[in-house]
2 protein chains.
Amino acid sequence: MPSRSSASETHQLPRQRRTYAIGELARMFQITPRTIRFYEQEGLLAPERRGQTRIYQDKDRVRLKLTLRGKRLGFSLAEIRDVVMMYDAMPDGNARQLKRLLEILADKRANLERQLEDIRLMHRELDDVESQARDVLANLEPTTVER
Amino acid sequence: MPSRSSASETHQLPRQRRTYAIGELARMFQITPRTIRFYEQEGLLAPERRGQTRIYQDKDRVRLKLTLRGKRLGFSLAEIRDVVMMYDAMPDGNARQLKRLLEILADKRANLERQLEDIRLMHRELDDVESQARDVLANLEPTTVER
DNA sequence: CAAGCACTTTACGTTAACGTAACCTTGGAC
DNA sequence: GTCCAAGGTTACGTTAACGTAAAGTGCTTG
């Protein structure tokens with residue numbers, strides 16, 4: 001029984017609290033434990049265990065954060081895993097692997113550029129649609145007070 | 001038999017060629033006809049028919065372009081359809097509908113903002129990973145000429 | 001007129017990313 | 001001790017977005 005849970009547990013500095021339970025992480029990121037377990041099964045996370053129970057460190061939390069960000073950008077879990085695993089294997093990776101990694105990174109980067117352009121274009125579209133909608137709306141209720 | 005297919009058919013100005021066959025569109029956007037038919041089935045396209053055959057106009061092509069752009073940004077076909085359909089229904093849409101449309105647009109816009117931030121962050125991550133990879137690579141082959 | 005494309009419909013198959021249900025285990029709170 | 005909330009495993013279900021195969025239609029080209 002570690003005596004680490006003293007009275008100082010209430011002030012929530014994210015310093016000392018190095019470890020997280022699966023439920024905590026789930027709440028932090030608005031996802032379900034099932035999702036986190038699934039990511040582990042897919043090789044994106046590899047938390048320690050205390051008995052059966054998973055113990056997550058800060059690095060695991062960061063990894064999860066990066067994973068979710070990648071997902072929001074439309075990358076598949078497999079793509080994300082590839083980059084993450086190669087990143088971890090970097091120190092003792094061979095030259096071929098590293099060059100492969102650089103290729104993948106260039107690829108992702110190009111993808112991001114396309115998305116930036118897409119966002120710009122989409123933004124204009126939305127502007128157009130919105131202003132048109134406002135026009136129609138104004139003509140529909142020239143004096144109506146919305147009641 | 002319309003006599004429109006004269007000798008001037010070879011110069012490929014995208015002006016006169018108002019209509020497209022499904023295969024043409026598919027090649028233009030690097031997708032399969034099946035995908036285009038699926039989008040129609042999902043209510044994203046409604047091409048004319050000449051007999052059984054689908055005839056696509058320029059507006060259909062634009063719609064398809066917007067759809068694919070939306071997809072690259074991670075929107076579901078259902079989301080895209082909602083916006084597109086409301087956009088088409090705008091002229092005679094009632095006030096409630098239009099306001100709903102404005103809400104959806106604001107939502108998409110917020111989504112785009114998040115993605116922009118995600119892209120910025122991801123960009124930095126990629127920078128980091130890349131420079132680290134280059135470092136390791138440099139140390140691996142200090143004088144090796146790559147043969 | 002037979003061949004060969006390009007198009008059509010119908011329908012079942014597939015993959016990714018989880019959801020959900022059933023059942024078991026465990027550490028505290030009372 | 002008992003209860004229960006939070007954790008675990010196993011396994012089947014689900015949804016979106018197409019892929020793929022089978023079988024028919026239609027035009028135009030040798």
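Numbered from 1 within each chain, the chains take letters A, B, ... in sequence-line order. Model, not experiment: these values are computed from the prediction.
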With the side chain defined as heavy atoms from C-beta on, B:R37 is closest, among C:dG19, C:dT9, D:dA17, to C:dT9

Side-chain atoms of A:R34 come closest, of D:dG19, D:dA17, D:dA11, to D:dA11

Separation of C:dT8 atom P from B:L25 atom CG, nearest Å, is 11 Å

With a 4.0 Å cutoff (strictly under), does any side-chain N or O of A:K71 reach OP1 or OP2 of C:dA16?
no

Separation of C:dA17 atom P from A:E40 atom CD, nearest Å, is 17 Å

Is any side-chain nitrogen or oxygen of A:T32 closer than 4.0 Å to OP1 or OP2 of C:dG19?
yes

A:L64 atom CG is separated from C:dA17 atom C1', nearest whole Å, by 15 Å

Atom CZ of A:R81 and atom P of C:dC18 are separated, to the nearest Å, by 13 Å

The correct set of residues in residues 49-57 of chain B placing a heavy atom under 4.0 Å from DNA chain D is none

With side-chain contact (heavy atoms from CB on, under 4.5 Å) as the test, would you mind laying out the steps for A:E103 and A:D107 before giving the verdict?
CA-CA 6 Å; A:E103 282 175 29; A:D107 214 74; over 6 Å; no

B:L77 CG to C:dA16 P, in whole Å, measures 18 Å

>> Any salt bridge linking A:E117 with A:R120? Criterion: basic side-chain nitrogen under 4.0 Å from a carboxylate oxygen.
In response: yes

Inset, instruction - Give a yes or no on this: more than 12 heavy atoms of other residues, nucleotides or ligands lie within 6.0 Å of atom CZ of A:R81. - result: yes

> According to a 4.5 Å side-chain heavy-atom criterion applied to Ile, Leu, Val, Met, Phe, Trp and Tyr, with indirect links allowed, do A:M86 and B:V136 form part of one hydrophobic cluster?
Replying inline: yes

note: A:Y39, atom OH; C:dC18, atom C1'; distance rounded to Å ~ 8 Å

Taken to the nearest whole Å, CD/A:E24 to C1'/D:dG7 is 12 Å

So does B:R49 have more than 12 non-hydrogen atoms from other groups sitting under 6.0 Å from CZ? yes

ask   = If two hydrophobic side chains count as joined below 4.5 Å and joins carry through other members, does B:L25 share a cluster with B:L66?
value = no

Taking only the side-chain nitrogens and oxygens of B:T35, find out if one of them lies under 4.0 Å from OP1 or OP2 of D:dG19.
yes

### Query
Can A:Y87 and B:Q132 be said to form a side-chain contact (heavy atoms from CB on, under 4.5 Å), step by step?
CA-CA 9 Å; A:Y87 177 79; B:Q132 289 189 45; 3.4 Å; yes

To the nearest angstrom, the CD1-P distance between A:I36 and C:dG19 comes to 11 Å

